[in-house]
Protein chains: 2
Amino acid sequence: MIEFDEDRTVWEQVYELLRSRIEGGQYKERGPIPSTPRLVQELGVAQNTIRKAINRLKADGLIRAINGKGTYVAPREAWFRNKGE
Amino acid sequence: MIEFDEDRTVWEQVYELLRSRIEGGQYKERGPIPSTPRLVQELGVAQNTIRKAINRLKADGLIRAINGKGTYVAPREAWFRNKGE
DNA sequence: TAAGATTTGTTCGTATGTATA
DNA sequence: ATATACATACGAACAAATCTT
């Protein structure tokens, strides 16, 4: 179980964790990332919180979700480089 | 984006807006009203504020909410006629 | 064809914390 | 102190798409 900092929002820390796993290659290009229920189980946070992080990653172009199938790391060419946060 | 009067509570103005839309027939009998997230987007106020207005409409018998599905205008026979405010 | 499981997506419901007036 | 309003986080249920059996 992962521990989260209390003075920062959980969904943002989840976002950064997943982002680092993608950029670090733990989740491979064009490969799947764990399903929402799996992430709920692993990270110990609510579905909605996972989804908020996921939505941000989608907005970043880092992942692509296919309804009923799964969520996949986008090819690097598709990633946006967001500087300002 | 709708503008709200500053010297009256927002939730009450949201309540009156939705009530007028229901009574005016914009939201039809037994038909759905927009979801909470949609109303948040349209009216530019927080979820909790929308919910407070929604709860009042439920207490009035004007609408009925179904968890995970949506919120619907009740048949007119079910409406309460609240005189006192 | 049909039924079930999995996964994404959406919705309502509840609670807590913070800031403000 | 109380009420308002916003943001966050959790829980529960429903729906559609996909895949398997």
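Residue numbering restarts at 1 for every chain, and letters A, B, ... go by the order of the sequence lines. Everything numeric in this text was worked out from a predicted model, so none of it was measured.
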- Residues from residues 24-32 of chain A sitting under 4.0 Å of DNA chain C, heavy atoms only?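 Here the set is empty: none.
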- Short side-chain N/O contact to C/dT11 OP1/OP2 from B/T36, under 4.0 Å: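 Checking B/T36 against C/dT11: no side-chain N or O falls below 4.0 Å of OP1 or OP2.
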- Query: Is it true that B/R56 and B/E16 make a salt bridge, defined as a side-chain N closer than 4.0 Å to a carboxylate O?
  - Reply: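 Not counted as a salt bridge, because no side-chain N and carboxylate O are separated by less than 4.0 Å.
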Take the protein atom [atom1] of [X] and the nucleotide atom [atom2] of [N], then report the distance between them rounded to whole Å.
X: A/F4; N: D/dT8; atom1: CZ; atom2: P; answer: 16 Å
X: A/D5; N: D/dA9; atom1: CG; atom2: P; answer: 11 Å
X: A/D7; N: D/dT8; atom1: CG; atom2: C1'; answer: 14 Å
X: A/L57; N: C/dT8; atom1: CG; atom2: C1'; answer: 15 Å
X: A/I50; N: D/dT8; atom1: CD1; atom2: C1'; answer: 15 Å
X: A/Y72; N: C/dT8; atom1: OH; atom2: P; answer: 9 Å
X: A/Q41; N: C/dT7; atom1: CD; atom2: C1'; answer: 15 Å

Tabulate protein N/O versus nucleotide N/O from nucleotides 2-5 of chain D, keeping only pairs under 3.5 Å, one per line.
from	atom 1	to	atom 2	distance (Å)
D/dT4	OP2	B/K52	NZ	3.0
D/dA5	OP1	B/V10	N	2.2
D/dA5	OP2	B/W11	N	3.2

- Would you list the pairs meeting side-chain hydrogen bond (donor to acceptor under 3.5 Å, both in side chains) in which at least one residue belongs to residues 23-33 of chain A, sequence neighbours left out?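 Qualifying pairs: A/R19-A/E23, A/R21-A/Y27.
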- Pair listing, side-chain hydrogen bond (donor to acceptor under 3.5 Å, both in side chains) test, anchored in residues 62-72 of chain B, at least two apart: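 Checked against side-chain hydrogen bond (donor to acceptor under 3.5 Å, both in side chains) - neighbours excluded - no pair reaches residues 62-72 of chain B.
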Is the backbone of [Y] close enough, under 3.5 Å, to the side chain of [X] for a donor and an acceptor to pair up by distance?
X: A/W79; Y: A/A74; result: yes
X: B/Q13; Y: B/R8; result: yes
X: B/D60; Y: B/L62; result: no

Is it true that [X] and [Y] fall in one hydrophobic cluster, defined by side-chain heavy atoms closer than 4.5 Å?
X: B/V40; Y: B/W11; value: no
X: B/I50; Y: B/L57; value: yes
X: A/I33; Y: A/L17; value: yes

- Query: Mapping B/T71 and A/P37 to their closest nucleotides on DNA chain C, which lands nearer the 5' end?
  - Reply: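 Its nearest nucleotide lies further toward 5', so the answer is A/P37.
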- Distance from B/R51 atom CZ to B/L39 atom CG, nearest 0.5 Å?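 One gets 11.0 Å once the value is rounded to the nearest 0.5 Å.
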- Query: Atom CD1 in B/I63, atom CD1 in B/I54: separation rounded to 0.5 Å?
  - Reply: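 Output value for this atom pair is 4.0 Å.
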With the criterion being N/O to N/O and under 3.5 Å, what pairs connect the protein with nucleotides 16-18 of chain D, and how long is each?
from	atom 1	to	atom 2	distance (Å)
D/dT18	O4'	A/G68	O	3.3

- Protein-proximity profile, nucleotides 14-21 of chain C, B/S/- by nucleotide at the 4.0 Å heavy-atom cutoff, equals BBB-----
- Query: Sequence neighbours excluded, which residues qualify as side chain to side chain contact (heavy atoms under 4.5 Å, CB included) partners of B/V10?
  - Reply: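 Side chain to side chain contact (heavy atoms under 4.5 Å, CB included) list for B/V10, sorted by chain: B/F4, B/V14, B/V45, B/T49.
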- Query: Looking at residues at least two apart in the chain, or sitting in another chain, which of them share a side chain to side chain contact (heavy atoms under 4.5 Å, CB included) with B/N48?
  - Reply: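 Per chain and number, B/N48 pairs via side chain to side chain contact (heavy atoms under 4.5 Å, CB included) with no residue.
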- side-chain hydrogen bond (donor to acceptor under 3.5 Å, both in side chains) partners for B/S35, two or more places apart: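 So B/S35 forms no side-chain hydrogen bond (donor to acceptor under 3.5 Å, both in side chains) with any residue.
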